[in-house]
S.K.: 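Take this structure first; my questions come after.
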Amino acid sequence: MRDTLAGPRQLIKQLHAVMAAPLEAQARLDRIVRIIADNMVAEVSSLYVLREDGVLELYATHGLNPSAVHRTGLRVGQGLVGRVAKTAQPLNIINPRSHPGFAYLPETGEDEYNTFLGVPVLRAGRMLGVLTVQNRAPRRYDNEEVEALQTTAMVIAEIAGTGDLEQIPQPTAALDIKRQLHVSGVSLVEGIGLGRVVLHEPRVVVTQLLNDDAEHELNRLETALDKIRGNLVAHLSRDEVKGDGAPRDVLEAFLMIAQDRGWARKMSDVVRSGLTAEAAVERVQSDNRARLLRSTDRLVRERLHDLDDLANRLLRELMGRSPTSLAQITGDAIIVARSMGAAELLDYERARVRGLVMEEGTPASHVTLIARALGIPTIGQASGVTSLVESGEAIIVDAEGGDVHIRPSSDVENVFAEKVRFRARKQAQYRRLKQLPAVTRDGQDVTLSMNAGMLADMPHLKESGAAGVGLFRTEVLFMVAPSLPRIQAQEQLYRKIYEGAEGLPVVFRSLDIGGDKILPYLRRVEEENPAMGWRAVRLGLDRPGLLRTQIRALLLASGGAELRLMFPMVTTVAEFNAARAMFDRERRFLHTHGYTLPKSTKLGVMLETPSLLFELEELLAVTDFVSVGTNDLFQFAMAADRSNMRVAGRFDTMSQSFVRMLKRIADACREANVPVTVCGDYASRPLEALCLLGLGYTHLSMPPAAIGPVKAAIRATDLGRLRARLWPRLEPGRGNDDLRHLLSRFADANDIPV
Ligand code: PEP
Ligand code: MG
């Protein structure tokens, strides 16, 4: 049988001609299936295309009953064709009727055939349909033939990508490739955004599929592979891996794959079957994706990410392209990414970004911090989303609920457009509140400050009506800088923050880096438990160079104004004393050398480790102020990693134990007459903010967007009544009371918007 095969090269040549011919979509498909049948000496060749209702519709056939075209179909999983679609693997069998998966479709007349080969039609790992050949004589198709059919499937996938298939009149359902999809994730930054998909790492589009000279293409492939292997080795041999954006372990994984002979061999085989080097990379990657996407194992999926990255690097090398310029977007954009660094988000033009969707990303990740600062509705943990969308498609980010709507129907789009308008009206109401004080109905003044981390945050001070910056996360400045800012650069940055504050107070927090907060240009220390590792003030005290420089730059930048500085992750009073001693040394040094110093300084502690609760009296005797970091305090109190989605939401932040802990801090600070603020996310949610008010806190710091809603809740609250309800429930023995429920009922009964 092999002798009569015209050969894959012949097939490719003919496909070339069909692709170039000015044909209607249906005629092109009819021609393609006939060419396949002729070429593979098969009596039947058919194409099934997956519809949005899950049916694989017969779209073209040579050999089966032509009247069955567009009239017959199988469900995914049904019959042999359905099985190919389900597994995304070729199926090559003799005597199909005795196969357990065989489904007989009388209208096609296919019961006469004794051989079956089916291959999936894949686009970026997504199933589009199935291509088959059948013969009467029992024979097994050899590898070369399977390869040839897969190559043809890729050509068909390309036709699907151009939108050609949708030109074919459809009496029934639309194609799966255009199906409305809904992906659930986790809301990281609240809000709603509508726009068009901008893939953060766009798939390189291969336009030239079929090769004219296999030897030449093999050489190109080999050269490109050598080049990227060389680049990876060069990166890894540097002392510090920098600038590449990928940490060392990822580069090592890349190199392993790049050196894997199996990967290279597969691509070479595909080139020999008639594809260009680029198309071969894409074909092999599409197969890998289809296979690995079916795995639920996280490690396997991570490997898919590595493979994707490498395939993209290889494609760029082959096509001589540098990574697409990120900033070039038009219209309303929703960025869709697997994961993203904080600095990368800043490369986009803020005014056009309406939302961000990531497959990874957690509430505490850096990119989330930046997205929050920029007010970009963000969803993380949207599994597999990058392979479900194409650039330019319509998409909605609903970060109120954590949902992503891909290719939404006009009904869905209208509902969300209305929601966006509603939110805008609400924001306008909050803006009107800006001029009004945050005071309860019974006259308790509350100070509302904002959290910040970038220069870009500073204009929000005015817009939100905040009383000042209650938490300036200085590490964010460092994270978005291309290299470690030296003392002069730091001084300038801090000076600009002061300028932006226009005389309002700013509480700087010294660098909270280390652990999982990595500065790309600093050597990374691998740790089992980074959140509880060598981070923040621990690192600052052990490697004083960094902290001393920062303190000095802050002292110089204050230009005679008041300097407020607090230290993160202080675990013992001794640590605070050591940090304070370091601060005093720097101040003395600058003083002796005649520099202008702040007119006054206030040094504080972030209370975010439970151990300090048992040293509170000693702490309050030495600190000028306390700022409660509820994000970390809660994770350490509950032993529940704040960035691990499995446990981060497991315990209620209004559980008795935690609320009592917060009360204890408020009571002790009041007794010691030490100012206390809550700057963790707790303060930014109106119901939790009420709880804090009830416990005695009168200074809260939060992202600027939260100030309006929290102020509205405060202004509607009678604090005396709130306390009367809350306090008795915190007495010993009341541990079973549901405080969240209690406060929600109180808010409802008193018309407090929460
Ligand atoms: C906190 O832990 O609550 C806090 C405000 O600090 P960060 O979120 O930056 O760790
Ligand atoms: Mg913290």
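Just so it is clear, the model here is predicted, and its values are computed rather than measured. Numbering of ligands and ligand atoms starts at 1, following listing order.
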S.K.: Which bit of M569 gets closer than 4.0 Å to ligand 1, counting heavy atoms only: side chain, backbone, both or neither?
M.R.: neither

S.K.: Can you tell me if Q635 contacts ligand 1 (heavy atom of the residue under 4.0 Å from the ligand)?
M.R.: no

S.K.: Which atoms of ligand 1 sit under 4.0 Å from any heavy atom of G680?
M.R.: 3 (O), 5 (C)

S.K.: Does a side-chain N-to-carboxylate-O contact under 4.0 Å join E491 and R552?
M.R.: no

S.K.: Can you tell me if D512 has an N, O or S atom under 2.8 Å away from the Mg ion (ligand 2)?
M.R.: no

S.K.: As an exercise, identify every atom of ligand 1 less than 4.0 angstrom from a heavy atom of G629.
M.R.: 1 (C), 2 (O), 3 (O)

S.K.: Report yes if R535 has an N/O atom closer than 3.5 Å to an N/O atom of ligand 1; otherwise report no.
M.R.: no

S.K.: Check the pair L687 / M654 against side chain to side chain contact (heavy atoms under 4.5 Å, CB included), numbers first and verdict last.
M.R.: CA-CA 10 Å; L687 196 67; M654 276 199 213; 3.7 Å; yes

S.K.: Check E527 with R535, please: is the shortest side-chain N to carboxylate O separation under 4.0 Å?
M.R.: no

S.K.: Determine, for R685 against E190, whether the closest basic-nitrogen to carboxylate-oxygen distance falls under 4.0 angstrom.
M.R.: no

S.K.: Using distance alone, decide if ligand 1 has a nitrogen or oxygen within less than 3.5 Å of any nitrogen or oxygen in D681.
M.R.: no

S.K.: For R580 and T623, test the side chains for any donor-to-acceptor distance below 3.5 angstrom and give the result as yes or no.
M.R.: no

S.K.: Does the side chain of T549 pick up a donor-acceptor pair with the side chain of Q490 at under 3.5 Å?
M.R.: no

S.K.: Could you tell me which N, O or S atom of E608 is nearest to the Mg ion (ligand 2)?
M.R.: OE1

S.K.: Does the side chain of H699 come under 3.5 Å of the side chain of T447 through a donor N or O and an acceptor N or O?
M.R.: no

S.K.: Atoms of ligand 1 less than 4.0 Å from C679 heavy atoms?
M.R.: 5 (C)

S.K.: May I ask you to check if R664 and F614 form a cation-pi contact, with NZ or CZ under 6.0 angstrom from the six-membered ring centre and within 45° of the axis?
M.R.: yes

S.K.: Just which atoms of ligand 1 are under 4.0 Å from any heavy atom in R642?
M.R.: 2 (O), 7 (P), 8 (O), 10 (O)

S.K.: Is a side-chain donor-acceptor pair under 3.5 Å present for E359 with T386?
M.R.: yes

S.K.: Give the contacting part of L471 toward ligand 1: side chain, backbone, both or neither, where contact means a heavy-atom distance below 4.0 Å.
M.R.: side chain

S.K.: Within the 4.0 Å heavy-atom shell around M606, which atoms of ligand 1 are there?
M.R.: 4 (C), 5 (C), 6 (O)

S.K.: Considering heavy atoms of the protein only, find what lies nearest to atom 3 (O) of ligand 1 and give residue, atom and distance to 0.1 Å.
M.R.: N631 N, 2.7 Å

S.K.: Angle class for the F508/F472 ring planes (parallel below 30°, perpendicular above 60°, tilted otherwise)?
M.R.: tilted

S.K.: Could you check which N/O/S atom of D632 is closest to the Mg ion (ligand 2)?
M.R.: OD2

S.K.: Among all the protein's non-hydrogen atoms, which is closest to atom 6 (O) of ligand 1, and how far away is it?
M.R.: R509 NH1, 2.9 Å

S.K.: Any N/O of E475 closer than 3.5 Å to an N/O of ligand 1?
M.R.: no

